Amino acid sequence: MPTSLRSWMSAVSEIARAVNAAEPLEEVLNRVAVLACELIGFEFCAVMLADEQRQRLRIAGCSGLNPHYLAQVSGGRSLQIHPPGAALDTPAARAYREDRTIVVPDVRDAASYGRLQDLAPTQGYQALLASPLRGSGEKAGVIVAYSVTAREFGPPELELIELLGGQAALALETTRLRAGQQEVIRELSRANDELRRGRAVLEWAEQQHRQLMQLVLDEVELPGLVGALATALRASVTVEDADGRMLARAPEQDYRPPPDLAARRAGPVRAALDHGEVGGRYQVVRVPGSTGAWAAPVVLGSELAGRLWVTAPAAEPEPVQLRVIERFALVVALLLLQQRHVLDVRSRLSGDLLGDLLREGGPVHPRAVLDRAAAIGHDLSRPHVVALLAVDGVVPATARLPELVRAAAEPAPVPLVGSYDGLHVLLHPAEPDPGDTLRRVLAKTAQAVGGHGVVTMVAGPVARDAAGYATAFRVARGALALHLSGGLSGGLAGGFIDAGALGLSALLLETGTPDALRRFSARLLEPLEAHEQRHGGDLIATLSAWLAAGCSTAAAAQALVVHRNTVTYRLGRVEQLTGRRLTDSSTRLELQMALMIHDIAEVGPV
């Protein structure tokens, strides 16, 4: 017997040390194969493991086997655990199947193992032992020891090969358990990292919540709120109203805007925005595009009042961060509600102020009225245009005039807005020219009303002191009444009327009734209108151009792009049809007033 208890114990200790040192499995099994050769006196040894399907054996560790042999036993027909016949069977496969040690004293006499006839000559062995690797669980494989000479194997050799097989099985199980433990440790480490990361995110969210509450308590306005969110998310943040008008944005440097209006009308973006605002489920949604963008609806009651955009963040927001964005959107809604409340209060104060300012005869205490106006941010001691806005029809509840006016006016000065005598009155500083602002207010109001009504805007005269507002209001109201009476009878209504530069003609609008004014205009102009309907000739347009040119025939011809003889001929027809001489200054004044009344009554819709 080529072994002793000391050498055996030394071998077991060596295997144990290798396992405890976490050596790779292949090295441990190679060590087992080397020890088998040394302890039992074999020239070659192999440790074979079954694959996951338990269909084949493969050499996982060895000692002394040459590369040609290893290549041969790795072929597709080699080491099948359940071969189709004896011609492909091996002692190793049989030992695994029957879970017992197989002894082959001389491979030349082993006719039941057809594969040995091909394999043995390659490696040069004559005898072998094949023993299963028995552990605490399922059979893992076999250990095969080879001898270059034919020999008989006694009980001690069989016991040793089986003991080594057991040691190899234990080493294998230990290595696999260790690998499993390492994987568990790695999973626990990853889970711990996730927990730490999650805790950090929650702490960040709590910090943002506290900061948000402090901002609210400090009454920070919208720009400060937006700047705080942009810093927290390391992103660009934009707040818009329902019409897409920017209310605030941050940061100043490297700001990235949200998708433009054209992109929002496109299918994917529109669908994403609708998804975040459908069925009362207002939520943050990711908007598709070249840069990352998230949109949070800003809601007042059930009304969409605007949007909070987060664009180009440093990293995609996590669910907790999306909740923070929703909280900010809620606070933005509260700020907008506060602004709306302020506008409503100012509107009520403005209505009371207008009642004292525009009363017949002017204000009783002009200085007190001007001081009240200054208290709500309007210096009425400066010249102001008195404008009127009239809506004939149903006004939706969402069409809030103070907000429409504010949105249309910015960045220009915001006019004082209020109601008086059933009309919406706008007092706008005369400088800069408020014409564009008033037209924008008209357009926005008409858009809000839609097909449910007709909107008219009258830009009246300039009031230059406290007493002048009442007079300017009566002129604007007269122009509006004249226009509406023409609309009701002639089918035209709505539009923009500039009644601010009428001079002496304004007296007619201030003192005359609409019917009387229309009769005055018709008495002079009806013959001209009747002639134009029958024969054409543009008599009224020619007369208007001639009067506007200071009664210059050449200037009128240039304005009308016709020959001056044409103007002279048409003016002659005007004298024939009206029975009046245009050289008479009173005739020219009356015709001028008649044309003014005609123009106001015939203004069409925008």
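Not measured: the values here are computed from a predicted model.
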Would you indicate whether the side-chain heavy atoms of Thr238 and Leu308 approach each other to under 4.5 Å? no

With no hydrogens and no angle check, is any side-chain donor or acceptor of [X] less than 3.5 Å from a backbone partner on [Y]?
X: Asp106; Y: Ala150; result: no
X: Ser236; Y: Tyr255; result: no
X: Arg97; Y: Ile81; result: yes
X: Asp89; Y: Tyr113; result: no
X: Ser63; Y: Phe44; result: no

Ser131-Glu162 side chain donor-acceptor pair, cut-off 3.5 Å: no

request  = For the residue pair Gln123 and Asn66, confirm or rule out a side-chain donor-acceptor distance under 3.5 Å.
outcome  = yes

Salt bridge Glu240-Arg249, side-chain N to carboxylate O under 4.0 Å:
no

Please report the interatomic distance [atom1]([X]) to [atom2]([Y]), rounded to the nearest 0.5 Å.
X: Ile40; Y: Leu129; atom1: CD1; atom2: CG; value: 7.0 Å
X: Gln126; Y: Ser147; atom1: CD; atom2: OG; value: 8.5 Å
X: Tyr96; Y: His82; atom1: OH; atom2: NE2; value: 7.5 Å

Applied to residues 141-171, the ring pair (Phe, Tyr, Trp, His ring centres under 6.0 Å) test, sequence neighbours excluded, yields Phe42-Phe153, Tyr125-Tyr146

Worksheet item: Taking atom CZ of Arg100 as the centre, does the number of heavy atoms from other residues, nucleotides or ligands within less than 6.0 Å exceed 12?
Response: yes

Across all chains, not counting sequence neighbours, the side chain to side chain contact (heavy atoms under 4.5 Å, CB included) partners of Pro313 are Ala235, Trp294, Pro317

| request: Please report the C-alpha distance between Glu157 and Arg151 in whole Å, then the side-chain angles of each, then the deciding distance to 0.1 Å, and finally whether the salt bridge (Lys or Arg N to Asp or Glu O under 4.0 Å) criterion is met. | output: CA-CA 12 Å; Glu157 294 168 310; Arg151 56 189 285 192; 2.5 Å; yes

